[in-house]
Peer 1: 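Could you have a look at this structure, given as structure tokens, before my questions?
Just so it is clear, the model here is predicted, and its values are computed rather than measured. We use all heavy atoms of the structure for the numbers below, so side chains are in, but hydrogens, waters and symmetry mates are not.
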Amino acid sequence: MNALGRLSTALLFALVITIAGCDEGAMMTVDDAGPSADVGPGGGDGGPGSGDAGPSGGDGGPGHDAGPLPVSPLVDPTCTDGMYTETLPDPSASLADLAFTGDVPAFVDAALGRRYPFGLGMVQGGRMNPRFSGDCSVAFAGSPSTAADVYGSLDTIVHECGHLHDGNLSSGPSNHYEIRTSLSFMCTRGDTTSRGGGTFARSRIRGDAYQPLRAPCSGGGGCDFYADVYLDGDPDNASFEGGDQGFNMLLEEVVQYVNSLATAYAYADQIRPGSSTSARDGILTLLWYLERYLHMARIDFPAAYTVITSDACWRDAILTVWGRAWLYLETTEGTRSLGIDDAAIKALVIDPVLLDEIDRIRAAASCP
């Protein structure tokens with residue numbers, strides 16, 4: 001899909017996805033060859049809303065047992081984030097006998113069932129959202145004519161169907177976050193104060209001291225493509241834009257960008273030789289936004305910060321998603337086809353002042 005096609009898809013579905021409780025994801029693909037690249041947007045109950053006793057169990061389904069999981073130095077092994085684990089997708093499962101005949105749902109289900117069963121669950125859950133018309137796997141596949149086309153859209157399909165799945169299970173002021181099979185959270189009051197919650201619009205971080213370090217852009221490299229999608233609009237005007245959403249939907253994006261990276265990891269062998277995707281860029285950018293939001297909340301919006309940090313559901317969800325993100329970032333470290341500007345974005349994420357915001361969440365969770 002070309003740049004205009006991907007951007008048009010983002011704009012076309014933005015309104016529908018917002019109604020469903022989420023907004024459009026972004027993904028870029030580039031060739032190493034040069035500028036002709038294809039670029040485009042591709043109060044809680046104090047704990048998990050459902051699931052097992054904690055974040056350290058397996059995902060309960062088939063997967064890839066490749067031995068000990070990689071451990072990032074950016075998680076705390078004595079806290080929720082460092083204790084997180086799951087069964088990784090199986091990138092070695094054979095796809096040789098899968099033929100694409102034009103039936104997108106059947107092909108998507110078969111491919112995900114082979115390598116990423118949790119992703120299949122997100123797609124199946126997304127299809128059950130009554131507020132979305134049609135099959136989400138079809139809606140976000142573009143117009144595929146080959147199996148390669150579908151593989152190239154799988155990360156977007158899982159991401160967007162995941163939004164619909166979480167949106168379907170959310171209720172009123174409470175947001176559902178599916179982390180892995182048998183582990184989810186249902187946290188409340190995460191939307192903005194103007195929308196009945198206790199937080200502030202995520203687009204406000206676009207005006208902080210960190211955004212100039214990677215200025216927003218409408219495409220290209222070396223700038224923040226994602227800001228134009230997730231930090232758009234003016235929260236003080238009368239028009240609703242995606243950036244008007246609160247902390248709840250910022251965290252939802254982090255959850256789904258981990259799913260994007262997990263999917264990209266599972267099908268990295270299907271990426272066209274000489275090409276790269278922004279799978280690592282996306283989750284790193286959203287982690288950067290998460291840190292910056294917490295920093296702004298603590299300094300400028302203390303009431304919102306109290307909503308987030310005084311509720312064990314939000315604390316545990318933040319740390320669990322942080323741990324899961326770094327599990328996949330560590331697993332894919334050095335995989336060139338899964339990143340574009342990921343090294344530059346990671347340098348922003350590991351700023352000591354911003355990492356301190358995660359330390360503060362650990363302290364609020366009474367981690368040693």
Side-chain angles (χ1 to χ4, degrees), residues 48 54-59 63-64 66-89 91 116 118-119 155 158-159 162 177-180 183-185 226 250-266 268 277-295 314-365 367-368:
S56 59
D59 69 0
H64 181 45
L69 297 176
V71 178
S72 169
L74 295 170
V75 300
D76 183 343
T78 68
C79 198
T80 304
D81 56 320
M83 292 188 287
Y84 181 82
T85 187
E86 68 175 57
T87 302
L88 297 177
Y116 190 29
F118 179 75
D155 46 11
V158 172
H159 179 124
Y177 305 98
E178 191 91 11
I179 307 300
R180 62 157 197 260
L183 177 61
S184 61
F185 295 89
Y226 299 91
L250 174 58
L251 187 64
E252 169 66 18
E253 290 299 342
V254 181
V255 169
Q256 298 310 329
Y257 269 103
V258 182
N259 285 336
S260 293
L261 179 55
T263 308
Y265 163 70
T277 76
S278 62
R280 287 175 54 86
D281 301 49
I283 182 54
L284 284 165
T285 299
L286 269 294
L287 291 179
W288 188 42
Y289 292 172
L290 174 66
E291 294 171 308
R292 290 164 54 197
Y293 191 101
L294 292 172
H295 185 72
W314 288 117
R315 297 194 306 261
D316 290 347
I318 291 168
L319 292 174
T320 299
V321 174
W322 179 266
R324 187 173 190 244
W326 286 108
L327 168 61
Y328 279 99
L329 284 164
E330 195 71 18
T331 298
T332 59
E333 182 71 40
T335 306
R336 292 185 59 193
S337 63
L338 299 184
I340 299 172
D341 289 330
D342 52 316
I345 304 170
K346 182 178 179 181
L348 300 174
V349 175
I350 63 175
D351 178 287
V353 174
L354 294 180
L355 286 177
D356 180 64
E357 297 301 336
I358 304 302
D359 276 337
R360 290 174 182 271
I361 299 298
R362 294 184 184 114
C367 287

Peer 1: If I compare all heavy atoms of Gly339 with all of Arg280, which pair ends up nearest, and what's the gap?
Peer 2: CA-CB, 4.3 Å

Peer 1: Any heavy-atom pair between the side chains of Leu287 and Leu329 that's under 4.5 Å?
Peer 2: yes

Peer 1: Side chains of Arg360 and Leu294, heavy atoms from C-beta outward: is any pair under 4.5 Å?
Peer 2: no

Peer 1: Kindly compute the distance separating CG (Asp76) from CD1 (Ile361), expressed to the nearest 0.5 Å.
Peer 2: 13.5 Å

Peer 1: Do we see a donor-acceptor contact under 3.5 Å between the side chains of Ser278 and Tyr226?
Peer 2: yes

Peer 1: Do Leu354 and Val349 come within less than 4.5 Å of each other through their side chains, counting heavy atoms only?
Peer 2: no

Peer 1: Nearest 0.5 Å, what's the OG1-OH distance between Thr87 and Tyr116?
Peer 2: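 That separation rounds to 11.5 Å.
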
Peer 1: Heavy atoms only: give me the nearest Ile179-Phe118 pair and the separation to one decimal.
Peer 2: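 Smallest interatomic distance, heavy atoms only, reads O-CZ, 3.5 Å.
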
Peer 1: Are any of the side-chain heavy atoms of Phe185 and Thr320 separated by less than 4.5 Å?
Peer 2: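 Phe185 reaches Thr320 side chain to side chain.
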
Peer 1: Any side-chain heavy atom of Leu327 within less than 4.5 Å of one from Pro70?
Peer 2: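 Touching, per the 4.5 Å side-chain cut-off.
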
Peer 1: Take Glu357 and Arg292 through the side chain to side chain contact (heavy atoms under 4.5 Å, CB included) test and state the conclusion after the steps.
Peer 2: CA-CA 8 Å; Glu357 297 301 336; Arg292 290 164 54 197; over 6 Å; no

Peer 1: Roughly how far, to the nearest 0.5 Å, is the CD1 atom of Ile318 from the CD1 atom of Ile358?
Peer 2: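 The CD1 atom of Ile318 is 7.0 Å from CD1 of Ile358, to the nearest 0.5 Å.
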
Peer 1: Which heavy-atom pair separates Thr80 from Cys367 by the least distance, and what is that distance?
Peer 2: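 Scanning both residues, the minimum pair turns out to be N-SG, 4.1 Å.
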
Peer 1: What pair of heavy atoms forms the shortest contact from Ala264 to Ala279, and how long is it?
Peer 2: CB-CB, 3.6 Å

Peer 1: Can you give me the closest heavy-atom contact between Arg324 and Val255, atom names plus distance?
Peer 2: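 In this case the closest contact between Arg324 and Val255 is NH1-O, 4.4 Å.
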
Peer 1: Looking only at atom types and distance, does a side-chain atom of Asp155 sit under 3.5 Å from a main-chain N or O of Thr263, one as donor and one as acceptor?
Peer 2: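 Absent.
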
Peer 1: Heavy atoms, side chains only, cut-off 4.5 Å: are Tyr177 and Leu251 in contact?
Peer 2: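 Touching, per the 4.5 Å side-chain cut-off.
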
Peer 1: Indicate yes or no for a side-chain donor-acceptor contact from Trp322 to the backbone of Leu74 under 3.5 Å, with no hydrogens or angles considered.
Peer 2: yes

Peer 1: Would a distance-only check, ignoring hydrogens and angles, find a side-chain to backbone donor-acceptor pair under 3.5 Å from Arg180 to Thr85?
Peer 2: yes

Peer 1: With a 4.5 Å limit on heavy-atom distance, are the side chains of Trp288 and Asp351 in contact?
Peer 2: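 Of all side-chain heavy-atom pairs linking Asp351 with Trp288, none is under 4.5 Å.
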
Peer 1: Could you state the interatomic distance from CG (Leu261) to OH (Tyr265), rounded to the nearest 0.5 Å?
Peer 2: 10.0 Å

Peer 1: Could you walk me through whether Asp356 and Asp359 pass the side chain to side chain contact (heavy atoms under 4.5 Å, CB included) check?
Peer 2: CA-CA 5 Å; Asp356 180 64; Asp359 276 337; 4.2 Å; yes

Peer 1: Report yes if the side chains of Glu330 and Val71 come closer than 4.5 Å at any heavy-atom pair, otherwise no.
Peer 2: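 Heavy-atom side-chain distance check fails, nothing below 4.5 Å.
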
Peer 1: For Ala365 and Leu319, work out which heavy atoms get closest and say how close.
Peer 2: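 It is CB-CD1, 4.1 Å.
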
Peer 1: Under the side chain to side chain contact (heavy atoms under 4.5 Å, CB included) rule, what do Thr277 and Leu338 come out as? Steps first, then yes or no, please.
Peer 2: CA-CA 5 Å; Thr277 76; Leu338 299 184; 4.1 Å; yes

Peer 1: Just how far is it from atom CG of Leu286 to atom CG of Asp281, taken to the nearest 0.5 Å?
Peer 2: 11.5 Å

Peer 1: When you look at Asn259 and His159, which way does the side chain to side chain contact (heavy atoms under 4.5 Å, CB included) test go after all the steps?
Peer 2: CA-CA 6 Å; Asn259 285 336; His159 179 124; 5.7 Å; no

Peer 1: When you measure from the side chain of Asp341 to the backbone of Ala344, do you find a donor-acceptor pair of N or O atoms at a distance under 3.5 Å?
Peer 2: no

